[in-house]
Amino acid sequence: MRDGQSIETDIATTMLDWYDRHARDLPWRTSAAELNSGARPDPYRVWLSEIMLQQTTVAAVRDYFHRFTTRWPTVDDLAAAPDGAVMGEWAGLGYYARARNLLKCARIVAEEHGGRFPDRYDDLIALPGIGPYTAAAISAIAFDRPETVMDGNVERVAARLYDIHTPLPAAKSELKARAELLTPRLRPGDYAQAMMDLGATICTPKSPACGICPLQSPCAARRAGTAPELPRKMPKTAKPTRRGIVYLACRADGAWLMERRPDKGLLGGMLGWPGSDWKDGAAGAPPVSADWSTLAAEVRHTFTHFHLVLTVRTATVDMGCAPETGFFIPNRDFRPSELPTVMRKAFDLCRER
DNA sequence: TAATCGTGGAA
DNA sequence: TTTCCAAGATT
């Protein structure tokens with residue numbers, strides 16, 4: 001520790017030095033060089049990236065971020081988009097409540113905030129889809145306000161830095177208190193991104209690269225040899241397996257029978273094939289009378305908390321038929337890329353046959 | 001507080 | 001093949 005500085009200040013300084021040399025070049029990131037030239041981050045791009053990055057890898061987000069910002073360059077553009085267009089563009093990224101809240105939030109910012117994102121934590125967290133992490137991240141990264149971001153990376157770095165063995169989620173409050181003491185007044189946005197970069201590239205969940213870590217000197221877990229086993233977590237319950245049926249009806253003109261799933265619940269707001277519940281045991285009647293055939297292969301898909309095995313049934317139906325549910329999407333408007341992955345898997349099986 | 005809510009890549 | 005996990009929010 002240098003003269004006149006606390007160990008906390010020293011750690012923050014070390015992280016900023018490391019960030020200046022090793023920051024990753026990401027599409028939504030404003031580089032230190034650009035910031036030094038007076039450029040400011042675009043809060044819209046910071047917000048959009050942070051929503052997409054919730055529980056989602058950088059690799060998965062990249063293309064989605066590019067498509068969204070190309071199609072809707074500003075929050076006003078996004079606010080004016082039809083619901084179905086946004087849900088379709090989000091398809092495949094998962095956690096679809098994020099897309100529904102994204103649109104709600106964009107419309108509030110456009111209509112009630114004049115198209116400008118608020119800069120304060122308390123105002124940001126009041127917006128749909130913005131929780132404690134994202135409010136702090138936007139405030140720090142886009143507006144350089146001294147907020148402490150607590151995501152999985154920072155939790156892991158803090159647990160190791162202070163050798164905290166309390167299992168998550170019980171350890172969250174202690175980890176946050178530790179992390180808050182580290183957040184610097186100078187360049188808090190860069191510091192936040194530095195901590196997350198460190199967690200993503202060096203202080204990784206498995207086999208952390210302690211040998212090249214800028215914090216190896218002050219790290220208590222490194223000293224104790226406990227880094228790889230931290231943070232501890234409560235054991236997870238096993239996933240049950242559920243079953244269901246989907247019906248893929250193709251009309252004589254090539255149109256497909258689909259339905260818009262209700263906003264609440266699994267895959268809410270997304271397009272899907274009519275079918276049974278996935279509660280196990282439910283029969284599920286066909287949406288229209290036809291000569292249905294059952295595919296030999298089944299769809300296997302795993303959600304966050306259960307496995308799903310789907311039986312796929314297909315039929316060709318008449319032009320004049322009147323389904324009990326759903327609507328026909330003309331063949332020229334039908335894009336598998338706008339389906340959630342489990343629904344696209346069912347379509348792919350139907351195609352291969 | 002605990003459950004719900006997706007997906008794909010890595011080990 | 002299975003498990004783990006990734007810049008969490010909501011109810």
Side-chain angles (χ1 to χ4, degrees), chain A residues 23-24 26-29 45-65 87 90-102 104-105 124-142 147-157 168-170 172-173 176 179 189 191-201 203-207 228-229 231-242 261-270 272 278 299-308 339-345:
Chain A
R24 289 182 294 173
L26 300 173
W28 45 84
R29 180 169 282 181
R45 294 168 64 89
V46 173
W47 163 72
L48 179 61
S49 68
E50 291 300 343
I51 301 297
M52 288 183 167
L53 286 163
Q54 289 169 4
Q55 297 292 286
T56 308
T57 59
V58 166
V61 165
R62 268 204 163 85
D63 291 347
Y64 283 88
F65 181 80
M87 300 311 290
W90 196 277
L93 198 55
Y95 283 148
Y96 298 100
R98 292 186 295 173
R100 302 193 302 272
N101 288 328
L102 187 82
K104 283 185 193 169
C105 182
L124 286 161
I125 202 170
L127 294 168
I130 298 182
Y133 162 75
T134 306
I138 296 172
S139 189
I141 296 170
E147 302 291 348
T148 302
V149 301
M150 287 306 291
D151 74 329
N153 291 303
V154 180
E155 285 178 353
R156 185 168 57 254
V157 171
L168 288 171
K172 280 178 182 288
S173 60
K176 179 169 174 55
Y191 170 79
Q193 295 176 93
M195 291 291 278
M196 292 190 281
D197 272 16
L198 187 75
T201 62
C203 195
T204 50
K206 298 168 187 172
S207 52
E229 63 195 66
R232 292 192 178 173
K233 296 187 176 180
M234 294 298 287
K236 307 175 180 175
T237 59
K239 291 176 169 55
T241 298
R242 301 182 189 174
R261 297 173 64 86
D263 272 348
K264 303 269 183 187
L266 194 67
L267 309 180
M270 299 300 290
W278 300 342
V299 170
R300 292 180 175 278
H301 191 77
T302 299
F303 293 101
T304 306
H305 54 292
F306 67 94
H307 304 289
L308 178 66
L339 305 182
T341 300
V342 65
M343 300 297 176
R344 187 178 47 72
K345 283 183 179 178

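A quick note: this is a predicted structure, and the numbers were derived from the prediction, not measured. Letters A, B, ... mirror the listed sequences (proteins, then strands); counts begin at 1.
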- Message: How many whole angstroms separate atom NE2 of A/His305 from atom C1' of B/dT7?
- Response: 14 Å
- Length of the line joining A/Leu339:CG and B/dG6:P, which is rounded to integer Å: 15 Å
- Message: Whole angstroms only, please: what is the CG-C1' distance between A/Leu308 and B/dG6?
- Response: 12 Å
- Message: Rounded to whole Å, please give me the gap between CE in A/Met52 and C1' in B/dG8.
- Response: 16 Å
- Message: Rounded to whole Å, how long is the line connecting atom CD of A/Gln54 with atom P of B/dG6?
- Response: 13 Å
- Taking atom C1' of B/dT1 as reference, at what distance in whole Å does atom NZ of A/Lys172 sit? 13 Å
- Task: Whole angstrom is fine here: how far is it from NZ in A/Lys345 over to C1' in B/dG6?
- Result: 10 Å
- Item | chain A contact limits on DNA chain C, taken 5' to 3' with a cut-off of 4.0 angstrom to heavy atoms | C/dC5 to C/dT10
- Task: Determine the contact category for A/Arg300: base if any of its heavy atoms lies under 4.0 Å from a base atom, sugar-phosphate if only primed atoms, P, OP1 or OP2 are that close, otherwise nothing.
- Result: nothing
- Pairwise P distance, B/dA3 and C/dA7 [rounded to whole Å]: 23 Å
- Query: Who are the side chain to side chain donor-acceptor pair (under 3.5 Å) partners of A/Tyr64, not counting sequence neighbours?
  - Reply: none
- With P as the reference atom in both, quote the distance from B/dG8 to C/dA9 in angstrom, rounded to an integer. 22 Å
